[in-house]
Amino acid sequence: MTSSPASGSLEHSRFAVVDVETTGMRAQGGGRILEVAVAILEGGTIHLAFAALLDPGTPIPPWVVRLTGITDGLVAGRPRFGDVAVGLGQALDAGVFVAHNARFDWRFLAAECAAVGVPAPGGRPLCTVRLTRRLVPELRHRGLDHVAAFFGVENPARHRAFGDALATAHVLRALVGRARERGVETLEQLIELHDRPRHKLRIADRGLRIGRPPFESAIRNPQSEISS
């Protein structure tokens with residue numbers, strides 16, 4: 001399973017926006033993936049490229065059932081992670097791995113890949129939490145619900161992988177738009193902004209002015225209908 005960052009203009013970069021639902025909070029603590037989805041953002045358009053409900057091979061804790069609505073009965077007879085690894089890898093190929101709190105999703109996918117003997121996603125992931133911190137510093141709470149509400153993105157399928165992946169893709173599109181308003185024109189510049197240490201982000205420079213002065217847009221991301 002590989003994932004190669006696109007290069008060149010930010011407008012034409014391809015992003016593979018990932019979400020996983022899991023049986024626990026730690027990949028190294030026995031948590032398994034229940035559901036995984038990948039939404040593609042490319043050229044301003046978004047589509048769901050991959051979604052799979054999985055049998056984790058372990059009972060689903062009651063708190064996860066309450067959060068996601070995914071029960072043991074719902075996953076009975078579903079494929080295991082190893083059964084979908086190839087299709088998932090194809091969805092991630094040639095795209096920049098993005099997730100909200102990307103370290104969480106990345107670690108779970110890496111652990112599942114290691115368990116079935118396939119390569120983990122390559123490259124370096126981008127995190128929409130971190131991009132929000134840099135591009136929307138006035139937003140104090142950066143959970144997906146808060147960021148989605150800020151950009152006017154609806155998510156009727158919250159805590160389902162396909163719903164959260166699509167919502168995160170719409171959030172990413174809004175963040176990319178905000179970055180471009182501040183003069184960020186290439187994927188490399190977006191990665192530079194994403195990776196810049198917080199202590200080097202002076203309040204006056206949080207917009208990463210490149211080429212032209214920043215300005216605030218009154219346009220918000222249109223509300224999106226996300227269906228299963």
Nearest 0.5 angstrom please: [X] [atom1] to [Y] [atom2], how far?
{"X": "E112", "Y": "R80", "atom1": "CD", "atom2": "CZ", "value": "10.0 Å"}
{"X": "L190", "Y": "R134", "atom1": "CG", "atom2": "CZ", "value": "11.0 Å"}
{"X": "I46", "Y": "T168", "atom1": "CD1", "atom2": "OG1", "value": "10.0 Å"}
{"X": "L175", "Y": "L193", "atom1": "CG", "atom2": "CG", "value": "10.0 Å"}
{"X": "L126", "Y": "L131", "atom1": "CG", "atom2": "CG", "value": "6.0 Å"}
{"X": "F108", "Y": "Q28", "atom1": "CZ", "atom2": "CD", "value": "9.0 Å"}

Going by heavy atoms in the side chains, are [X] and [Y] under 4.5 Å from each other?
{"X": "F150", "Y": "V171", "answer": "no"}
{"X": "D55", "Y": "P79", "answer": "no"}
{"X": "Q90", "Y": "V86", "answer": "yes"}
{"X": "D83", "Y": "R78", "answer": "no"}
{"X": "E11", "Y": "R180", "answer": "yes"}
{"X": "R124", "Y": "D195", "answer": "yes"}
{"X": "L10", "Y": "Q189", "answer": "no"}
{"X": "E192", "Y": "V184", "answer": "no"}

- Chi angles and distances behind the side chain to side chain contact (heavy atoms under 4.5 Å, CB included) call for V96, L187: CA-CA 9 Å; V96 180; L187 177 59; 3.7 Å; yes
- Message: Which residue in the set I33, V75, I70 passes side chain to side chain contact (heavy atoms under 4.5 Å, CB included) when paired with P56?
- Response: V75
Would you say the side-chain atoms of [X] pair up with the backbone N or O of [Y], donor to acceptor, closer than 3.5 Å?
{"X": "R178", "Y": "L135", "result": "yes"}
{"X": "H100", "Y": "R142", "result": "yes"}
{"X": "H194", "Y": "R130", "result": "no"}
{"X": "S13", "Y": "S9", "result": "yes"}

Of all heavy-atom pairs between [X] and [Y], which one has the smallest distance, and what is that distance?
{"X": "A49", "Y": "I40", "value": "CB-CG1, 3.5 Å"}
{"X": "F81", "Y": "C113", "value": "CE2-N, 3.8 Å"}
{"X": "A102", "Y": "P125", "value": "CB-CB, 4.1 Å"}
{"X": "A174", "Y": "F151", "value": "CB-CD2, 3.4 Å"}
{"X": "E42", "Y": "T45", "value": "O-OG1, 2.8 Å"}
{"X": "A169", "Y": "L41", "value": "O-CD2, 4.1 Å"}

- Query: What about V129 and L139, same hydrophobic cluster or not, with Ile/Leu/Val/Met/Phe/Trp/Tyr joined at side-chain heavy-atom distances under 4.5 Å?
  - Reply: no
Which atom pairs, donor and acceptor, lie under 3.5 Å between side-chain atoms of residues 15-25 and protein residues at least two apart or in another chain?
unit_1	atom_1	unit_2	atom_2	d
T22	OG1	G24	O	2.5
T23	OG1	R32	N	2.8

- Item | Residue pairs involving residues 62-74 (criterion side chain to side chain donor-acceptor pair (under 3.5 Å); sequence neighbours excluded) | none
- Which is it for T132 and H141 under the side chain to side chain contact (heavy atoms under 4.5 Å, CB included) test, yes or no, and what are the steps along the way? CA-CA 10 Å; T132 299; H141 301 288; over 6 Å; no
- Message: Go through it in stages, so that I can follow the logic: the residues are R158 and D164, the test is side chain to side chain contact (heavy atoms under 4.5 Å, CB included), and I'd like the CA-CA distance, side-chain angles, deciding distance and then a yes or no.
- Response: CA-CA 6 Å; R158 184 70 171 105; D164 288 355; 2.9 Å; yes
